[in-house]
Amino acid sequence: MPEYSQIQTYLKCNQNNFQDVIKDFSNMLNSLALDSKYFTTELEWEFSDDGNMYVGGGDYTQLFDNNSYQLHIRPFVMGWTPEVINELQEPWLEVSLLFWTEEIQFDSSTGQLKDEHKSLIWTLMEQFSEHFKESGVYFTNEATDGRPWEALVCGIQENIWAFDAVILPTHLFDVYRGSPKEMFNKTNENIMYLARKSIWESEPWHNR
C-alpha cells in the first residue's frame, strides 16, 4: 500500500444533508475529469459497530494526467462521530483527494514537492476551498493526516500547525494568527493562505 499525501477538508454532516455534500463532491470530481460514479451510486449513510460513521471509504485509485505526468489520485470520504472523537457535538464528514506521496515529492527526506506538481496541488486546494468553507482546506502527509482538524475540535494547540499548506475561511483567522517563521503566509479580507517553506520553496499562490 503506498504512502499518501492528501488534500482534505471537513464538513458537519447528518442524514439530512449527506447526499447534498456527496453530490457537491461528485460534481467537483467531474469537473476534474475524475470518475465520481462510486459516490453517486454506492455511498449510503450508515454506522459501523464501533460508532464511527461509515460511508464507504475511498473510491478506487484513478490515473490523472498532469501535463503528461501521470498521477495516482484516490477520492476519499470518511465520517467521524462523537462516539469516536468525544469533543464533537455532531457528525462530521472528511472529504479528500489522496495522492501517492512518492509521485509528488522531489525529496522524501524533506518532503519537498516536485515543481511540476505544485501548481496542480494548489489549484485543487483552491477548488476545494470554493466548494467547502467550514474547516479550511489542508494539505497533509502520512504523518499529519487529519491532525490539524482534530487539533481544532479537540483544542490540541501543538498540532494546529501540522500541515504543509492550508486555505482558511475568515472565521478561522484568529486561530492561525502569528504563524511560525517556517510558513509563507498571506491574508486578505476573505481568505488566509499558509504554506510550509521547506515543502513549497516559494509562495504557491504566486506560481500558478
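Both backbone and side-chain heavy atoms feed into the values below; hydrogens, waters and symmetry mates do not. Remember, it's a predicted structure, so these values are computed and weren't measured experimentally.
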Mind checking whether Asp115 and Glu201 have side chains closer than 4.5 Å, heavy atoms only?
yes
Hydrophobic cluster identity match, Leu29 and Phe64, side-chain contacts under 4.5 Å:
yes
Roughly how far, to the nearest 0.5 Å, is the CG atom of Leu98 from the CD atom of Glu142?
8.5 Å
Validation row: Glu134, Tyr10 side chains within 4.5 angstrom (heavy atoms):
no
Run the ring pair (Phe, Tyr, Trp, His ring centres under 6.0 Å) test against His117 and tell me which residues pass, sequence neighbours left out.
Tyr69
Where Ile167 and Ile191 come nearest, the two heavy atoms and their spacing
CG2-CD1, 3.2 Å
Euclidean distance, Ile199 CD1 relative to Thr110 OG1, rounded to 0.5 Å:
6.0 Å
Heavy atoms only: give me the nearest Gln8-Glu94 pair and the separation to one decimal.
NE2-OE2, 3.2 Å
Asn27 (side chain) donor-acceptor with Asn30 (main chain) under 3.5 angstrom:
no
Report the residue from Thr140, Asn141, Thr101 that forms a side chain to side chain donor-acceptor pair (under 3.5 Å) with Gln6.
Thr140
Atom OG of Ser179 and atom NZ of Lys186: how far apart are they, to the nearest 0.5 Å?
14.5 Å
Find out whether Val95 and Phe39 are in side-chain contact, i.e. whether some heavy atom of one side chain is under 4.5 Å from a heavy atom of the other.
no
Check Val137 against Met125 and note the closest heavy-atom contact, atom names and distance.
O-CE, 3.4 Å
Thr144 and Pro148 have their tightest heavy-atom pair at O-CD, 3.5 Å
Tyr193: ring pair (Phe, Tyr, Trp, His ring centres under 6.0 Å) partners, not counting sequence neighbours:
Trp122, Trp205
Rounding to 0.5 Å, atoms NZ (Lys37) and OG (Ser26) come to a distance of 12.5 Å
Test side chain to side chain contact (heavy atoms under 4.5 Å, CB included) applied to Trp149 and Ile85, Asn159, Thr9, the passing residue
Ile85
Under 4.5 Å between side-chain heavy atoms, counting indirect links through other Ile/Leu/Val/Met/Phe/Trp/Tyr residues: same cluster for Val84 and Ile156 or not?
no
Cation over ring, Lys197 on Phe184, under 6.0 Å and within 45°?
yes
Look at the side chain of Asn67 and the backbone N and O of Glu116, then say whether any donor-acceptor pair between them is shorter than 3.5 Å.
no
Is Ser31 reaching over with its side chain to a backbone N or O of Met28, donor-acceptor style, under 3.5 angstrom?
yes
What's the verdict on side chain to side chain donor-acceptor pair (under 3.5 Å) for Glu182 and Ser198, showing C-alpha distance, side-chain angles and the deciding distance?
CA-CA 7 Å; Glu182 61 264 26; Ser198 61; over 6 Å; no
Answer yes or no: is there a side-chain heavy-atom contact under 4.5 Å between Val21 and Asp24?
no
Taking atom CD as the centre, does Gln70 end up with more than 12 heavy-atom neighbours from other residues, nucleotides or ligands that are less than 6.0 angstrom away?
yes
Sub-4.5 Å side-chain heavy-atom contact between Ser135 and Trp92
yes
Once rounded to the nearest 0.5 Å, what's the spacing between atom CD1 of Ile121 and atom NZ of Lys118?
9.5 Å
Check Lys133 against Pro169 and note the closest heavy-atom contact, atom names and distance.
O-CG, 3.3 Å
Full working for side-chain contact (heavy atoms from CB on, under 4.5 Å) between Ile22 and Leu93:
CA-CA 10 Å; Ile22 293 300; Leu93 189 70; 4.1 Å; yes
Any side-chain heavy atom of Gln62 within less than 4.5 Å of one from Pro75?
yes
Measuring from Leu71:CG to Leu97:CG, what's the distance to the nearest 0.5 Å?
11.5 Å
Quick check: do Ile7 and Phe99 have side-chain heavy atoms less than 4.5 Å from each other?
yes
Apart from Met192 itself, its cluster of hydrophobic side chains linked below 4.5 Å comprises Tyr138, Leu152, Ile160, Trp161, Phe163, Val166, Leu168, Leu172, Phe173, Val175, Tyr176, Met183, Leu194
Test your reading of the model: is there a side-chain donor-acceptor pair from Glu103 to the backbone of His72, 3.5 Å cut-off?
yes
Check this for me, if you would: do Asp20 and Lys23 make a salt bridge, where the nitrogen-to-carboxylate-oxygen distance has to be below 4.0 angstrom?
no
Do Glu150 and Trp80 have side-chain heavy atoms sitting under 4.5 Å apart?
no
